[in-house]
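The structure appears right after this line, and notes come after that.
Just follow the structure's listing: the first ligand is 1, and inside any ligand the first atom is 1. Not measured: the values here are computed from a predicted model. Just so you know, residue 1 is the first one in the sequence shown, and it goes up from there.
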Amino acid sequence: MKMLLVILDGLGDRACKELFGETPLEAASTPFMNFLAREGICGMLSPIEKGLVPESSPAHFEILGYSPFQKFYPGRGPLEALGIGCKLKEGDVAFRVNFATVKDGIVVDRRAGRIESVKEFEDLLTTEIDGAEFILKAGVEHRAALIIRGPDLSEKVSDSDPHKTGLPPKKVLPLSPEAQKTAEILNKYIDFATETLKNHKINRERERKGLPPANLILLRGAGKFREVESFKERFKLKACCIAGGGLYKGIARFFGIDVIKVEGATGKKKSDFEAKFKAAKDALKSYDFVWVHIKAPDLFGHDGDAVGKKSVLEEIDKAMQALYEVNNIVICVTGDHSTPCPLKNHSGDDVPLLFFAETVRKDLTPAFGEKFCMLFGGLGRIRGKDVMNELLNLSGRAEIIE
Ligand code: ZN
Ligand code: ZN
């Protein structure tokens with residue numbers, strides 16, 4: 001049997017005033033997910049441990065079976081770098097980069113007016129300092145990744161990003177004695193970048209048009225890349241990922257999971273969900289395990305837009321109906337954490353979860369939603385690290401423990 005894991009990012013929620021006390025999933029009309037819940041078995045998911053509030057990446061590590069995530073997690077920098085297609089080598093230190101605008105020593109725009117592309121700066125900002133190679137790769141809009149390659153590098157350094165405007169950029173500081181040299185060369189690199197960007201023709205042109213110049217790079221999320229056991233080795237499954245967001249593609253590549261390119265998949269509020277589920281249906285012909293990631297519910301949660309979250313879940317449900325004709329499959333639908341609209345942030349509340357398969361032991365859950373999954377969910381509460389085990393079990397692929 002094939003397996004399909006659908007992660008609706010930030011799915012879980014709390015009672016929303018605008019929805020008369022229901023959650024977006026409860027209020028949404030989702031006939032297909034209700035069918036899967038009714039014909040399957042449901043429960044509640046604690047992505048890491050009961051009550052812990054995860055960011056998306058550690059939660060995904062747990063759900064994809066790389067638990068405890070601390071043992072495998074390389075930090076955000078390498079994952080984002082892999083997400084934009086960088087090739088990393090063992091020991092590389094990687095950062096997330098924002099091109100920003102600095103004026104009189106103060107960061108006035110952390111995104112340089114959301115500049116369309118920073119591709120033109122790639123080659124100029126790829127250099128060598130004190131025996132270390134610096135490679136800059138452009139991402140979407142103002143985003144990029146920086147990779148440092150060389151001997152004795154440490155990822156234990158602070159961000160240069162002040163994380164808000166109105167402050168000067170920070171110096172990179174060593175967070176441990178062995179990171180002294182890395183911090184030093186990073187500060188040299190930042191100065192080099194500032195000098196290079198200052199009078200660049202793109203920036204002069206932007207200033208002429210009254211646009212904020214991209215005259216500063218802000219570094220954050222340092223991490224060191226190392227190879228981990230691939231998903232294929234770990235679970236004996238040929239796997240692929242369908243996602244719009246760079247981080248999720250990066251997580252997939254980190255585990256050696258193929259990333260399927262889908263036109264119209266954005267990782268934003270508006271994305272071509274239909275195209276994603278059609279691609280999933282196709283991928284199931286040649287892959288054992290397909291992971292679909294949808295970012296939109298989390299983004300509506302952060303905006304506190306309960307009505308928007310409800311509508312997007314309805315849109316997703318419609319697109320998911322493409323799976324109705326797929327046979328011989330185990331489907332799991334859940335989220336990586338809750339992003340309650342009243343909170344506008346992630347919370348430690350459990351997330352509704354369903355497993356559908358023709359062979360599954362059914363419970364009495366009448367529809368997919370927080371209350372129903374809590375009340376009727378035959379699986380009770382499970383943790384992120386149980387998801388892969390359950391998928392293997394239901395698909396008849398679990399190995400007997402002796
Ligand atoms: Zn998330
Ligand atoms: Zn979020």
Side-chain angles (χ1 to χ4, degrees), residues 5-14 16 23-25 44-70 72-80 82-83 96 98 110-111 140 143 163 220-221 223 241-255 257 259 265-271 273 276 291-306 308-310 312-313 316 332-354 370 382-385 387-388:
L5 172 65
V6 181
I7 303 277
L8 306 177
D9 206 297
L11 175 66
D13 216 297
R14 293 179 182 172
C16 297
T23 68
L25 181 60
M44 295 300 285
L45 176 76
S46 299
I48 297 177
E49 290 279 353
K50 180 80 184 162
L52 294 187
V53 184
E55 267 300 344
S56 294
S57 33
H60 275 84
F61 271 56
E62 293 285 332
I63 293 169
L64 290 166
Y66 287 78
S67 176
F69 74 91
Q70 295 92 337
F72 304 97
Y73 193 60
R76 191 75 181 253
L79 296 176
E80 295 278 352
L82 289 167
R96 306 171 74 183
N98 263 18
R110 284 185 64 254
R111 300 179 180 91
V140 181
R143 299 183 198 94
H163 293 277
R220 66 189 201 278
C241 160
I242 292 166
L247 173 63
Y248 308 93
K249 294 181 198 172
I251 292 172
R253 288 183 183 129
F254 187 67
F255 297 143
I257 294 174
V259 174
T266 60
K268 295 184 178 169
K269 283 184 177 175
K270 270 205 182 319
S271 184
F273 305 127
K276 289 175 89 164
W291 161 35
V292 176
H293 178 269
I294 295 181
K295 188 67 183 169
D298 178 60
L299 302 174
F300 283 102
H302 282 287
D303 286 348
D305 182 355
K309 192 168 172 182
K310 168 185 168 279
V312 87
L313 289 170
I316 293 165
C332 174
V333 183
T334 188
D336 55 343
H337 51 77
S338 294
T339 310
C341 296
L343 199 65
K344 296 188 177 178
N345 211 339
H346 301 185
S347 75
D349 302 308
D350 293 340
V351 189
L353 158 117
L354 71 80
E370 284 82 346
I382 68 169
R383 281 171 299 180
K385 65 175 184 182
V387 171
M388 280 307 299

Presence of N, O or S from Asp298 under 2.8 Å of the Zn ion (ligand 2)
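So Asp298 does bind the Zn ion (ligand 2) by this criterion.
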Does any N, O or S atom in His337 come within less than 2.8 Å of the Zn ion (ligand 2)?
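It does not; every qualifying atom lies at 2.8 Å or beyond.
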Considering just N/O/S atoms, say which atom of Asp336 is closest to the Zn ion (ligand 1).
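That would be atom OD2.
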Point-to-point distance, once rounded to the nearest 0.5 Å, from CG of Leu353 to CG of Leu45:
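It is 5.5 Å, given to the nearest 0.5 Å.
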Is Thr339 close enough to the Zn ion (ligand 1) that one of its N, O or S atoms comes in under 2.8 Å?
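Under 2.8 Å: Thr339 has no N, O or S contact with the Zn ion (ligand 1).
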How about Arg253 and Leu79: do any of their side-chain heavy atoms sit closer than 4.5 Å?
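In short, these two side chains do not touch, never coming nearer than 4.5 Å.
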Less than 4.5 Å apart, any side-chain heavy atom of Lys276 and any of Ile294?
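Sidechains of Ile294 and Lys276: in contact.
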Given the ring of Tyr248, does Lys295 sit roughly above its face, with NZ or CZ under 6.0 Å from the centre of the six-membered ring and within 45° of the axis?
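Negative - Lys295 is either too far from the ring of Tyr248 or too far off its axis.
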Partner of His60 under ring-ring contact (aromatic ring centres under 6.0 Å, His included), chosen from Phe69, Tyr73, Tyr66, Trp291:
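Option passing the ring-ring contact (aromatic ring centres under 6.0 Å, His included) with His60: Trp291.
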If you round to 10 degrees, what value do you get for the angle at the Zn ion (ligand 1) between Asp9 atom OD1 and Ser56 atom OG?
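With the Zn ion (ligand 1) as the vertex, OD1 (Asp9) and OG (Ser56) sit 120° apart.
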